[in-house]
S.K.: 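Next up is a structure, given as structure tokens.
Letters go in sequence order (proteins before strands), and every chain restarts at 1.
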Amino acid sequence: MSEPIYALDDVAQVYGTRTVLSVPRLDVRAGEVLAVLGPSGAGKSTLLRLLGLLEAPTRGQVRFHSGERWVTHAEARTEERRQIAMVFQRPALLTRSVRANVAYGLRVRGERDAAERIEAVLRRVALDGLAKARAHTLSGGEAQRVALARALVLAPRVLLLDEPTANLDPANVRLIEELIREQNAQFGTTIVLVTHSIFQARRLASRCALLIEGKLVEVSPAAQFFEAPRDPRTRAFLSGEFVF
Amino acid sequence: MEITLRSLHVTLVALLVSTLIGVPLGAWLALGRVPLRRLALALIYTGMGLPPVVVGLFVYILFSRSGPFGSLAWLFSLRAMIVAQTILALPMVAGITMSSIQSVDPALRPQLRALGATRWQVVRTIAVEARFGILLGVMAGFGAIISEVGAVMLVGGNIEGRTRVLTTAIVLETRRGHFALALALGAILLSLSFLTNSLIMLGQGGGRWRR
């Protein structure tokens, strides 16, 4: 694996009096698919928001390598932030057409002649027939595909995915997982995938991290994570015996 | 005719000023970190129910010869009327803008940020999402201004050929017993309001983001 694209150092995120995340050290490497596993409320989404440079940690540093330099939330320029795209668990779409939603990220970048790229990504997510449909008339799976498309069309260096297939039917799960795999294999996009599904992590990840109550229990290559986990809590989590 | 044009003149200028101030103010209250936010909200909500006559009195005092702005000599002119109408419409435009922006899904903001929008671009997008509510606020402001009589009567003086507008003319003609004329003026006022609102609705329906 190649050089790190993220470096987390002694990071803690505190909301009110609750420490929701506490990570002494974590690297994300360029070009990998890192799956962050864990039960709900473990701090997975918080970690993702920090990686997305959407908020600053209460303590420590989350640094992103823009290709030229290391930047924190406060230091990142707009063009550096724009190397990262994120898909949320519950997509919030604009009350416009599907195409307008997919075009949004390009439009804020001042790119107006991107019709072909938009059509291409709509075909990839199998929404080319719905390009003119109002986004709020879509089903859950279609809306999530729009959310994925509006991130993919930006050709980001880093794609952050927060439970991208939660509550979706198997056909949509398959389609979305295929797109994630393709994005990583063809374009070398670094992907951090938050999921509670062991099976999804097994299908997609090159490296896995287990987060429990805001703490990283184990981070290891996928093969080792699933076949020979070091931590007893990982074993318990993988076998479904984990009780909270 | 001249009275109608004057009514429209006062209304449109006051509406323009209250929109230019009220929409950004409402957006700021809804999205920004506003110091003394609760106090500002209380003031705005009070402002939405301000008794026009009191506003008229207040503006009258401000612009009277011995008042702080007396030297401008705006009293009994269209300018004083516009000031009073702006004070009346501004809280309405700001308040309705604020609540319509607040009703846009709060989850949208971080998601737009995560797609690379700057803070300013996010604010603009959210305002576009709330466009129908904001338009409603402006329409409510329009309705309040064009139908208002107490404040314009006080600060304008209902001077024939100078500050007489539709509403003050109706009051006068009714008092004189010229009911037919008063009714005709009332009909003009109503159709003006209806026409303007219909135009706005048409514009909204034909816009880029047709529902």
Side-chain angles (χ1 to χ4, degrees), chain A residues 45-46 48-55 73 76-97 99-111 132 134-137 143-144 146-162, chain B residues 23-24 26-35 37-38 96-139 200-211:
Chain A
S45 297
T46 304
L48 217 54
R49 279 198 302 277
L50 289 173
L51 294 178
L53 304 182
L54 293 178
E55 49 191 75
H73 165 83
R77 291 190 293 255
T78 299
E79 12 355 325
E80 290 169 323
R81 260 189 343 103
R82 285 179 174 167
Q83 300 180 4
I84 309 167
M86 182 160 166
V87 176
F88 293 69
Q89 183 172 355
R90 190 180 67 80
L93 302 178
L94 302 169
T95 55
R96 306 183 196 172
S97 70
R99 182 183 282 117
N101 270 279
V102 173
Y104 184 79
L106 294 168
R107 259 196 28 214
V108 299
R109 285 162 173 76
E111 296 181 37
K132 286 187 182 138
R134 317 286 325 171
H136 55 89
T137 63
Q144 191 57 279
V146 172
L148 189 60
R150 69 180 177 180
L152 290 180
V153 77
L154 304 172
R157 282 181 69 217
V158 178
L159 185 59
L160 306 172
L161 304 168
D162 192 354
Chain B
V23 171
W28 182 55
L29 285 167
L31 300 174
R33 263 182 226 149
V34 183
R37 187 164 183 277
R38 279 166 184 274
I96 298 178
T97 297
M98 183 188 72
S99 68
S100 59
I101 285 182
Q102 278 173 338
S103 67
V104 173
D105 187 353
L108 194 56
R109 272 191 271 164
Q111 304 204 7
L112 297 178
R113 283 288 281 167
L115 290 169
T118 62
R119 280 176 209 287
W120 175 233
Q121 287 173 327
V122 170
V123 170
R124 275 190 357 218
T125 305
I126 301 283
V128 172
E129 285 291 296
R131 61 199 175 273
F132 297 114
I134 295 175
L135 202 62
L136 187 72
V138 175
M139 280 159 73
I200 293 176
M201 301 274 245
L202 272 178
Q204 162 185 332
R208 266 177 69 195
W209 297 291
R210 192 193 306 265
R211 285 244 160 196

S.K.: Which region of A:R49, side chain (C-beta onward) or backbone (N, CA, C, O), has a non-hydrogen atom less than 4.5 Å from a non-hydrogen atom of chain B, or is it both or neither?
M.R.: neither
S.K.: Assess whether atom CZ of B:R119 is packed by more than 12 heavy atoms of other residues, nucleotides or ligands within 6.0 Å.
M.R.: no
S.K.: Would you call B:D105 and A:L93 a side-chain contact if the rule is heavy atoms closer than 4.5 Å?
M.R.: no
S.K.: Might you point out which heavy atoms bring A:A92 and B:A107 nearest each other, and give the distance in Å?
M.R.: CB-C, 4.0 Å
S.K.: Using a 4.5 Å cut-off on heavy atoms from C-beta on, say whether the side chain of B:Q111 contacts that of A:M86.
M.R.: no
S.K.: How long is the gap from CG on B:L115 to CD1 on A:I84, to the nearest 0.5 Å?
M.R.: 12.5 Å
S.K.: Counting heavy-atom pairs under 4.5 Å with chain B, which one of A:A151, A:P156, A:G105, A:P91 comes out on top?
M.R.: A:P91
S.K.: Measure the shortest side-chain to side-chain distance between B:T125 and A:R96 over non-hydrogen atoms and say whether it is less than 4.5 angstrom.
M.R.: yes
S.K.: Using side-chain contact (heavy atoms from CB on, under 4.5 Å) as the criterion, list what pairs up with A:Q89, not counting sequence neighbours.
M.R.: A:D162, A:E163, A:A166
S.K.: Determine the minimum heavy-atom distance between B:A114 and A:F88, stating which atoms define it.
M.R.: CB-CE1, 3.7 Å
S.K.: With rounding to the nearest 0.5 Å, note down the distance linking CZ in A:R109 to OG1 in B:T118.
M.R.: 11.0 Å
S.K.: Looking only at non-hydrogen atoms, find the nearest pair between A:R82 and B:G116 and report the distance.
M.R.: NE-O, 2.6 Å
S.K.: With sequence neighbours left out, what residues match A:R81 under salt bridge (charged side-chain N to carboxylate O under 4.0 Å, His left out)?
M.R.: none
S.K.: Between B:V122 and A:V108, does a side-chain contact (heavy atoms from CB on, under 4.5 Å) hold up when you go through it step by step?
M.R.: CA-CA 9 Å; B:V122 170; A:V108 299; over 6 Å; no
S.K.: If you measure from CZ on B:R109 to CG on A:L54, what distance do you get to the nearest 0.5 Å?
M.R.: 13.0 Å
S.K.: Considering all heavy atoms of both residues, which atom of B:R131 and which atom of A:T95 are nearest to each other, and what is their separation?
M.R.: NH2-O, 3.9 Å
